[in-house]
Enquirer: 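Can you keep this structure in mind? I'll have questions shortly.
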Amino acid sequence: MKIIFSVLWLFLFPVGMLPAEILKGDFEGMPYQLFVPQVREGRQYPLVVCLHGALGRGTDNQGRGIHAYGLLKSSVAQANHPAFLLVPQCAKDSQWVDTPWAEGSYDLDAVPESVYMKKVAGLISRTLQEQPVDAGRVYATGQSMGGFGCWDLVLRHPDLFAAAVPVCGGGSPKHAERIKDLPLWIFHGAKDPTVPVSASREMAAALAACGGTLAHYTEFPEGGHVIMGQAWNAPGLVKWMFEQEKSK
């Protein structure tokens with residue numbers, strides 16, 4: 001039986017490769033999950049930071065509602081694009097960005113970096129130190145409240161990321177120049193009743209106005225607020241994201 005088990009283990013996880021796992025932890029009072037792919041010794045892998053929307057808030061340390069997380073940790077996605085997936089959790093009485101969602105765009109100068117955004121940045125830094133992550137292939141994504149968080153994260157820490165996918169969120173058009181050279185794929189529903197579509201339109205327009213040529217904007221004409229699954233099933237999105245790499 002031991003021989004059979006050993007042979008099966010080697011078949012599933014060749015020499016030097018460890019099985020995938022989900023680590024759960026706490027960073028300065030913020031729960032988080034880290035999906036660890038099957039890793040080979042001596043290799044580095046991309047890191048995708050996934051920020052949940054308002055319904056994901058709490059202390060239960062669950063990754064529910066993060067469409068990117070569910071898709072990217074699937075066996076099919078991991079076979080083609082093995083990657084670390086980091087899913088922090090914001091408390092119920094907090095937001096990634098302290099601005100009203102219904103107002104759309106905001107001014108980075110008038111909205112200080114939130115406590116939770118600072119924790120996310122710190123957690124990313126620690127993950128880069130502790131795990132075999134390729135620092136040139138760190139990506140950010142978020143939906144709804146997490147879409148605001150995604151914009152905020154890359155606007156405040158533009159040199160950290162290789163690409164970002166903000167979904168139905170809002171950013172600071174005034175500071176678009178900071179990320180004009182960052183590959184972005186922006187998604188929003190034209191009929192969104194929660195976060196006005198103007199938020200994504202304004203960011204896309206501001207990026208174009210300052211000479212940015214790397215931002216894609218996809219607007220679903222009949223889309224409401226819940227477009228996260230539709231966005232992450234957009235043809236070519238996953239492949240596009242993992243192709244992006246920071247210049248050495």
Side-chain angles (χ1 to χ4, degrees), residues 46 48-51 53 67-68 96-97 99-113 117 121 136-248:
V48 185
V49 181
C50 306
L51 299 178
H67 287 73
W96 296 123
V97 185
T99 185
W101 309 317
E103 294 183 8
S105 300
Y106 63 99
D107 184 347
L108 210 66
D109 293 332
V111 180
E113 186 173 24
M117 278 283 88
R137 300 179 68 201
V138 179
Y139 311 110
T141 187
Q143 58 199 42
S144 189
M145 185 183 87
F148 279 88
C150 179
W151 281 116
D152 201 76
L153 193 57
V154 298
L155 284 165
R156 296 185 195 273
H157 308 277
D159 296 334
L160 183 60
F161 298 95
V165 182
V167 182
C168 54
S172 178
K174 176 181 174 181
H175 298 87
E177 189 167 0
R178 294 186 182 186
I179 53 173
K180 69 181 181 68
D181 296 321
L182 179 69
L184 292 149
W185 198 329
I186 308 160
F187 291 89
H188 217 117
K191 298 181 179 180
D192 191 331
T194 305
V195 179
V197 67
S198 59
S200 289
R201 290 176 179 172
E202 288 166 2
M203 283 304 301
L207 287 162
C210 66
T213 60
L214 301 179
H216 303 268
Y217 176 45
T218 297
E219 185 173 300
F220 300 116
E222 298 302 318
H225 187 61
V226 186
I227 59 160
M228 299 78 163
Q230 191 176 358
W232 275 98
N233 281 290
L237 172 59
V238 174
K239 181 176 182 291
W240 170 86
M241 185 180 72
F242 284 112
E243 286 176 344
Q244 309 309 312
E245 186 172 359
K246 286 197 304 182
S247 300
K248 301 297 184 183

Enquirer: When rounded to the nearest 0.5 angstrom, what distance separates OH in Y106 from NE2 in H175?
Expert: 9.5 Å
Enquirer: Any non-hydrogen side-chain atom of R156 less than 4.5 Å from a side-chain atom of M117?
Expert: no
Enquirer: Carefully, step by step, assess L153 and W96 under the rule side chain to side chain contact (heavy atoms under 4.5 Å, CB included).
Expert: CA-CA 9 Å; L153 193 57; W96 296 123; over 6 Å; no
Enquirer: Please identify each residue that fulfils side-chain hydrogen bond (donor to acceptor under 3.5 Å, both in side chains) with E219, with sequence neighbours left out.
Expert: R201, Y217
Enquirer: Under 6.0 Å from the CD atom of E177, do we count more than 12 heavy atoms belonging to anything else shown?
Expert: no
Enquirer: Roughly how far, to the nearest 0.5 Å, is NE2 of H67 from CG of N233?
Expert: 9.0 Å
Enquirer: About how many Å separate CG of D181 and NZ of K246, when rounded to the nearest 0.5 Å?
Expert: 13.5 Å
Enquirer: Applying side chain to side chain contact (heavy atoms under 4.5 Å, CB included) between W151 and each of S105, P173, S172, P166, report the one that passes.
Expert: P166
Enquirer: Can you tell me how far apart CG (L214) and CG (L184) are? Round to the nearest 0.5 Å.
Expert: 8.0 Å
Enquirer: Hey, is the main chain of F187 close enough, under 3.5 Å, to the side chain of T218 for a donor-acceptor pair?
Expert: no
Enquirer: Please name the pair of heavy atoms, one in C150 and one in G142, separated by the smallest distance, quoted to 0.1 Å.
Expert: CB-N, 3.8 Å
Enquirer: When rounded to the nearest 0.5 angstrom, what distance separates CG in L207 from OG1 in T213?
Expert: 10.0 Å
Enquirer: Taking side-chain hydrogen bond (donor to acceptor under 3.5 Å, both in side chains) as the test, write out the residues that go with W101, two or more places apart.
Expert: none
Enquirer: How many angstroms lie between atom CD1 of I186 and atom CE of M203, to the nearest 0.5 angstrom?
Expert: 7.0 Å
Enquirer: Looking at F242, is its backbone amide N or carbonyl O close enough to the side chain of R137 to form a donor-acceptor pair, meaning the two atoms are under 3.5 Å apart?
Expert: yes
Enquirer: Are the side chains of F148 and V195 in contact, using a 4.5 Å heavy-atom criterion?
Expert: yes
Enquirer: I want to check something: taking the side chain as every heavy atom from C-beta on, are Q244 and Y139 in contact at a cut-off of under 4.5 Å?
Expert: yes
Enquirer: Looking only at non-hydrogen atoms, find the nearest pair between V154 and A164 and report the distance.
Expert: CG1-CB, 3.8 Å
Enquirer: Which atoms form the tightest heavy-atom contact between A162 and G136, and what is the distance?
Expert: CB-O, 3.4 Å
Enquirer: Is it the case that the side chain of K174 and the backbone of L108 share a donor-acceptor pair, with hydrogens and angles ignored and the cut-off at 3.5 Å?
Expert: no
Enquirer: Over all heavy atoms of both residues, which pair between A163 and L182 is shortest? Give the atoms and the distance, please.
Expert: N-CD1, 3.7 Å
Enquirer: What is the minimum heavy-atom distance between A68 and T141, and which atoms define it?
Expert: CB-CG2, 3.8 Å
Enquirer: Apply side chain to side chain contact (heavy atoms under 4.5 Å, CB included) to the pair V197 and K191, showing each step before the final yes or no.
Expert: CA-CA 7 Å; V197 67; K191 298 181 179 180; over 6 Å; no
Enquirer: Does the pair L51 and M145 meet the rule for a side chain to side chain contact (heavy atoms under 4.5 Å, CB included), with working shown?
Expert: CA-CA 8 Å; L51 299 178; M145 185 183 87; over 6 Å; no
Enquirer: Answer yes or no: is there a donor N or O on one side and an acceptor on the other, between the side chain of S144 and the main chain of G53, under 3.5 Å?
Expert: no
Enquirer: What residues form a ring pair (Phe, Tyr, Trp, His ring centres under 6.0 Å) with F161, not counting sequence neighbours?
Expert: none
